[in-house]
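Below you'll find the structure, written out as structure tokens, and then a few comments.
Throughout, a chain's letter reflects where its sequence line sits, starting with A, and its residues are numbered from 1. Computation of the quantities below employed the complete heavy-atom set of this structure, encompassing side-chain atoms and omitting hydrogens, waters and symmetry-equivalent molecules. The structure displayed is predicted, hence computed values, not measured ones.
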Amino acid sequence: MNTPTLRIILALTGAADEASQYDALIGAAQALGSQAQPHAAPQIEVLRLLPGGAAPAPESALQAVSMWCDITHDALTPDAPAPVNAALLQQALRQTEIEEGSRAIVLLPPGPVGVEIAALLAGHFSGSTLGRCQTLAVQDDAVLAEKPAFGGRAVVRMRAGRWPCFAALRPGQTNAPLPLPAPGALRRIASDDTLPPAWPTQALASGDAQRALIGARIVVSGGRGMRSPEGFTLLEALAQRLDAALGGSLPAVDAGWVPVARQVGQSGKFVAPRSYIAVGISGTPQHLAGVSTETSIIAVNNDPQAPIFQVAEVGVVADWQELLPRLLERLPASRG
Amino acid sequence: MNVLVLLAGIADTKWPLPGDLSAASLNAHRAGHEALGPFDEAALELALKLRDAAPDTRITALVVGEESLARKVAGYRLDQTLRLDAAGLASWSPADCCGALCQTLRSHDRAPDIVLLGREFGDLDDGSIPVYLAQALALPHFSLTLSVQSVPSGLHILRQGPGGPERVEAAAPALLSVTNDANNRLRQPLLKNVMASKKMNFPPCPIQATAPAIEWLSVQAAAAPTRAAACRMLQGTPDEQARDLAEVLVALGDAK
């Protein structure tokens, strides 16, 4: 009996910070498709939720997939909670004939929302969720995944045999997506399906006017070594001077020096800036899991043995209290 | 009000993992170096805050771990502390882990009004287990919870939403997966309660193990990211280091 063709579907929520990741996500999906079916061009389907105001799909992305479908709904907003996004994606997947047992891998964007949606969808379709993965492969009609564990200190290899399979894949070093000889058309579905009831929700002022982490070209990030909120005041000034985004490690968030929305790491955001300036960050695997391996790291730490220096391109062994004020005096005013 | 808090525990990060990694060595390491993770602590502190606000609140904890961890949790003078043996739980397979948790919860006689657990349940979960548990218990799930208040109309939940912090008005019962927040650090327990907990025993609740849907194949140490060139260290006095670093950063700003 012939094995049914494997379908690879990229499910996007239309969040503002996803657009900067389209190439990486499509490239990762193509790499998975090539591994799973090496004698055929990878056929990647995209289902994207399109809340009002979302940017159109970029041409480079459209050229690299076999289908791109934008899904609209009157009640869909940019800040829709994960259960609403999951309900719409579930309905869209069923419309594309995905059901319990379908031989398909559905990829969600990396991050807590992607993990939550993957678990919701796996539950609905009685499939498998592999959650946050570093790598995925198909072997003997099952999906193999490598996942970080134990605070990013270990990597566990797992096998899921129940289809369909859902995963939030963090693209590593991938090639740029390749255009297909015959890319698919752009479709649009206007959904009028019933959504889960919405609880009354009030957005609160965060007091955080800093540049967003995702998509930033430069990120300035602080860790436990900052020792105080005053240190982060200096980091904010440095970030403004460089037109950069501000981030922090898990200990810095726990200490209240930076909000959880700016946490970088395995349990926080995954960032892929051109440069990552790490001040007072030792360089644990848990933290580095949130920084792309293609990012240049500049590290400032008063411990010459800090692991961060093993992965940084530029390093300074110094106390930030002595270095940062001098650095700010020398940097030109922000162009922003 | 009945509050149920589920705590997974983690391998204390102060201790390096064993050199020869396997499922067995990791279980042994975890048993010997167990701690509450930051998300566990946040969930427990929220439960305690709910009791602070309404002293007749009943808190039950289900601890996945060794007896020592259960005693540590019981040191917060909870109404009941149950324990599951971590070695018997396939916590890498969310559906199976959730099934085992539900086996224990079904034998619990009080339906919870609020279920609290960390946004990641232990060293092998990434946020999938709270979702599965909410589906199994047929409860609405509120992820990335920062704080919660019980009010006459239900619950006021402060959470990290997609666009920033948001306040949600929800009805109980509900399941909240809790994230770390500076305003929610776990308090120190009272010494008298810690001493009382040392005399307590926590035999593990029985669970019927099944073959997990997701199979554990192997484990290895995480590889450090590889870099093409050695790190260029900026030497000299702080003034010289600042000068050289400024040149590097200015070059970054010019290179668009």
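Only the side chain of B:P94 comes within contact range of chain A, with at least one heavy atom under 4.5 Å from a heavy atom of that chain. The part of A:I298 that comes within reach of chain B is its side chain, from C-beta onward, which places non-hydrogen atoms under 4.5 angstrom from that chain. Both the backbone and the side chain of A:V317 come within less than 4.5 Å of a heavy atom of chain B. For A:R326, the parts sitting under 4.5 Å from any heavy atom of chain B are the backbone and the side chain alike. For B:I157, no part lies under 4.5 angstrom from a heavy atom of chain A. Neither the backbone nor the side chain of A:A212 comes within less than 4.5 Å of any heavy atom of chain B. Of the atoms belonging to B:A136, not a single heavy atom falls under 4.5 Å from chain A. In this structure, chain B has a heavy atom under 4.5 Å from the side chain of A:Q263, while its backbone stays farther away. Heavy-atom distances place no part of B:I129 under 4.5 Å from chain A, backbone and side chain included. The part of A:L144 that comes within reach of chain B is its side chain, from C-beta onward, which places non-hydrogen atoms under 4.5 angstrom from that chain. Both the backbone and the side chain of B:Q241 come within contact range of chain A, each with at least one heavy atom under 4.5 Å from a heavy atom of that chain.
Proximity of A:P200 to B:V168: side-chain heavy atoms (C-beta onward) are nowhere separated by under 4.5 Å. Side-chain contact between B:V219 and A:F150 is absent, with no heavy atoms from C-beta onward closer than 4.5 Å. With contacts defined as side-chain heavy-atom distances shorter than 4.5 Å, the pair A:V115/B:S128 qualifies. Under the 4.5 Å side-chain criterion, counting only non-hydrogen atoms from C-beta, A:P81 is not in contact with B:F142.
Residue with the most contacts toward chain B among A:P285, A:P83, A:S275: A:S275 (heavy-atom pairs, distance under 4.5 Å). For chain A, the option among B:R232, B:H141, B:R30 with the highest count of heavy-atom pairs below 4.5 Å is B:R232. Ranked by heavy-atom pairs under 4.5 Å with chain B, the first of A:A145, A:S267, A:P112, A:P78 is A:S267. In terms of heavy-atom pairs under 4.5 angstrom with chain A, the leader among B:A213, B:G161, B:S93 is B:A213. Listed options A:A149, A:A154, A:G256 were ranked by heavy-atom pairs under 4.5 angstrom with chain B; first place goes to A:A154. Comparing B:G127, B:G236, B:A170 by heavy-atom pairs within less than 4.5 Å of chain A, the highest count is held by B:A170. Of the listed residues (B:L26, B:L144, B:D244), the greatest number of heavy-atom pairs within a distance under 4.5 Å of chain A belongs to B:L26. Among B:N184, B:L124, B:N183, B:N180, the residue with the largest count of heavy-atom pairs under 4.5 Å with chain A is B:N180. Taking chain A as the reference chain and counting heavy-atom pairs below 4.5 Å, the highest number among B:M233, B:Q235, B:Q135, B:R159 is found for B:M233. Ranked by non-hydrogen atom pairs under 4.5 Å with chain B, the options A:L250, A:V113, A:V300 are led by A:L250. Contact count against chain B (heavy-atom pairs under 4.5 Å) is highest for A:V156 among A:L324, A:V253, A:L331, A:V156.
B:D239 CG to A:E322 CD: the interatomic distance, rounded to the nearest 0.5 Å, is 9.5 Å. Annotation: the span from B:E169 atom CD to A:Q202 atom CD amounts to 8.0 Å, rounded to 0.5 Å. A:R159 CZ to B:S218 OG: the interatomic distance, rounded to the nearest 0.5 Å, is 13.0 Å. The CG atom of A:L242 sits 5.5 Å away from atom CG of B:L249, with the distance rounded to the nearest 0.5 Å.
Within residues 10-22 of chain B, the residues having any heavy atom closer than 4.5 Å to a heavy atom of chain A are B:A11, B:D12, B:T13, B:W15, B:P16, B:L17, B:L21, listed by residue number. Below 4.5 Å, heavy atoms of chain A meet heavy atoms from B:R119, B:E120, all part of residues 112-122 of chain B.
The two residues B:A222 and A:G152 have their closest heavy-atom pair at CB-O, 3.2 Å. Nearest heavy atom pair, residue A:A312 against residue B:C231, reads O-CB, 3.2 Å. Across all their heavy atoms, A:W199 and B:A171 have their closest contact at CZ3-N, 3.3 Å.
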Run the side-chain contact (heavy atoms from CB on, under 4.5 Å) check on B:D181 and A:V260 step by step: do they pass? CA-CA 7 Å; B:D181 182 56; A:V260 67; 5.8 Å; no
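The closest side-chain donor-acceptor pair between B:E166 and A:T201, if any, does not fall under 3.5 angstrom.
Salt-bridge formation is not detected for the pair B:R185/A:D254: no Lys NZ or Arg NE/NH1/NH2 atom is positioned less than 4.0 Å from an Asp or Glu carboxylate oxygen.
In this structure, the side chain of B:D126 engages the main chain of A:R132 through a donor-acceptor pair within 3.5 Å. Here the side chain of B:E215 pairs no donor or acceptor atom with the backbone of A:G161 at under 3.5 angstrom.
Under a cut-off of 6.0 angstrom, the local environment of CZ in B:R243 is crowded, with over 12 non-hydrogen atoms contributed by other residues, nucleotides or ligands. Counting non-hydrogen atoms of neighbouring residues, nucleotides and ligands closer than 6.0 angstrom, the CD atom of B:Q149 reaches no more than 12 such neighbours.
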